[in-house]
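Structure first, commentary second.
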Amino acid sequence: MDKSWMEEKRETPQFVEGFNNFLEFALKNCSDPEKIRCPCVDCGNISKGNITMLKNHVFCRGIDKSYTKWYWHGESMKGDPYPLGRRGVDDHFESNDCDDHPTELLDDAQEEFIHDPEKFDSMVRDADKSLFSGCEKRRLSTMVKFYNIKAENGVSDKCFSQFLSAFKEILPMENCFPESTYEVKKTLSSIGLKYEKIHACPNDCILYRKEHAHMDTCPECGLPRYKPNKSKEIRKLIPEKVLWYMPLIPRLKRFYRSAETAENLLWHEKRRVKDGKLRHPADSQAWKKVNYLNPDFAAEPRHLRLGLSADGVNPHRSLSSRHSSWPVFLVMYNLPPWLVMKRKFTMLSLMISGPKQPGHDIDVYLAPLVDDLKELYEDGVDAYDGFKKEVFKLKASCCGLLVISLRIVIYQG
């Protein structure tokens, strides 16, 4: 459909005719004529109304000229793996991210099995195993689907185990359907990314890593590393405080192994509207400053710009509880705006356990993450691009720091 009328002034006959054609198109493809998204420059397809409201807004305020693909009003976007409104359900772009391709899931995780090829071969056989004789559904993909549903709806482990056990009894005999939450977690954890448990001083003085890795007491405050064993039995030592760290580099490399995700990470360069307006983090001064300080970094659009956020949460959902845990999240700004904050692309990098908040000492806990970020910004790591089918040097910089108490400079400048 010719959209050249959008450049015309609002009082010209060409604009009026073109906008009327747009209204006919929108009416033809809408589910409710009273809730059509308004494409004026102020509403930006957020507010909804009837045809009369749309006419008043557009003729008074003007139409958003960057809205050249009418995906909010039923026009398809060929070649776009994530067109807005792609499911035909108003405002619902979240999916349960169920992976129905177990072999692709294993391909993404293959790098983690380099030193254990026999285990990888066993996982491939398990992924290709039918639930029961004559069934087309595979065991691994079924477990992924069920576990995603459990996580999305907050189902407890006990309830999930009872459901799995009941469902297994319904299936034909000699099926390989899992019968407990433990069995599902054990299988999925073997193809998932690893995490590290780093012991910490309860006074937030140090992390027991690097030069402090073998110490049993804090060199600054003298508190012991482990809880005292009051029984006479020989038991495993329990640390006073633990930092949970999910290494960043393997997760970023895993994202690029997916052809679909690797293509979306180029959206800011290939498909972003570049008209000087602030629509995406790539239009911001922080993004441009990184490009100015490091032209070599800016020359490769696959290099990642990350945003960091940290805040305290009460894990017990009680206002009277004094326990506060601090998660630290990272997001990738390279993605299209409608994907940046999706659960699939939000990375939990650190979990600082309570009971008290770290305050200004949060920099102690951020040290492992900062080490990875410095390596990514200065040297980079080899990563496989599943979209372009090649290995490249992946670098990253942290362009946004959304935590007030942070006292760390992640990159110079």
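Side chain to side chain, Ser325 and Ser353 fail the donor-acceptor criterion of an N or O pair below 3.5 Å. There is no side-chain donor-acceptor pair under 3.5 Å between Arg272 and His280.
In summary, the aromatic rings of Tyr256 and Phe392 are positioned with their centroids under 6.0 Å apart. When ring centroids are compared, Phe22 and His73 come within the 6.0 Å threshold. With ring centers used as reference points, Tyr208 lies 6.0 Å or more from His214.
A donor-acceptor pair under 3.5 Å is absent between the side-chain atoms of Asn203 and the main chain of Cys205, judged by distance alone.
No more than 12 heavy atoms of other residues, nucleotides or ligands lie within 6.0 Å of NZ in Lys227, so this atom counts as exposed by the packing criterion. Other residues, nucleotides and ligands contribute at most 12 non-hydrogen atoms within 6.0 Å of the OH atom of Tyr292. Within a 6.0 Å radius of CG in Leu278, more than 12 heavy atoms belonging to other residues, nucleotides or ligands are found. Taking a 6.0 Å sphere around NZ of Lys150, one finds it holds more than 12 heavy atoms contributed by other residues, nucleotides or ligands.
Contact check on Asp372 versus Arg251 returns no salt bridge, with no Lys/Arg side-chain nitrogen under 4.0 Å from an Asp/Glu carboxylate oxygen. Checked for salt-bridge contact, Asp371 and Lys210 meet the test: a charged N lies under 4.0 Å from a carboxylate O. Look at Asp64 and Arg279 and you find a salt bridge, because one of the NZ, NE, NH1 or NH2 atoms lies within 4.0 Å of a carboxylate O, short of that distance.
Counting only residues at least two apart or in different chains, salt bridge (charged side-chain N to carboxylate O under 4.0 Å, His left out) contacts with residues 22-32 are absent.
His199 is not listed as a side-chain neighbour of Leu207, based on a closest heavy-atom distance of 4.5 Å or more. Trp326 has its side chain out of reach of Leu350: every pair of non-hydrogen atoms, C-beta onward, lies at least 4.5 Å apart.
For the pair Arg305 and Trp287, the cation sits on the ring face: its NZ or CZ lies under 6.0 Å from the ring centre, inside 45° of the axis.
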Side-chain polar contacts of residues 165-178 - donor-acceptor pairs under 3.5 angstrom, sequence neighbours left out - could you list them?
unit_1	atom_1	unit_2	atom_2	d
Lys168	NZ	Asn175	O	3.3
Lys168	NZ	Asn175	OD1	3.0
Lys168	NZ	Phe177	O	2.9
Asn175	OD1	Phe177	N	3.1
Asn175	ND2	Lys168	O	3.3
Asn175	ND2	Pro172	O	2.7

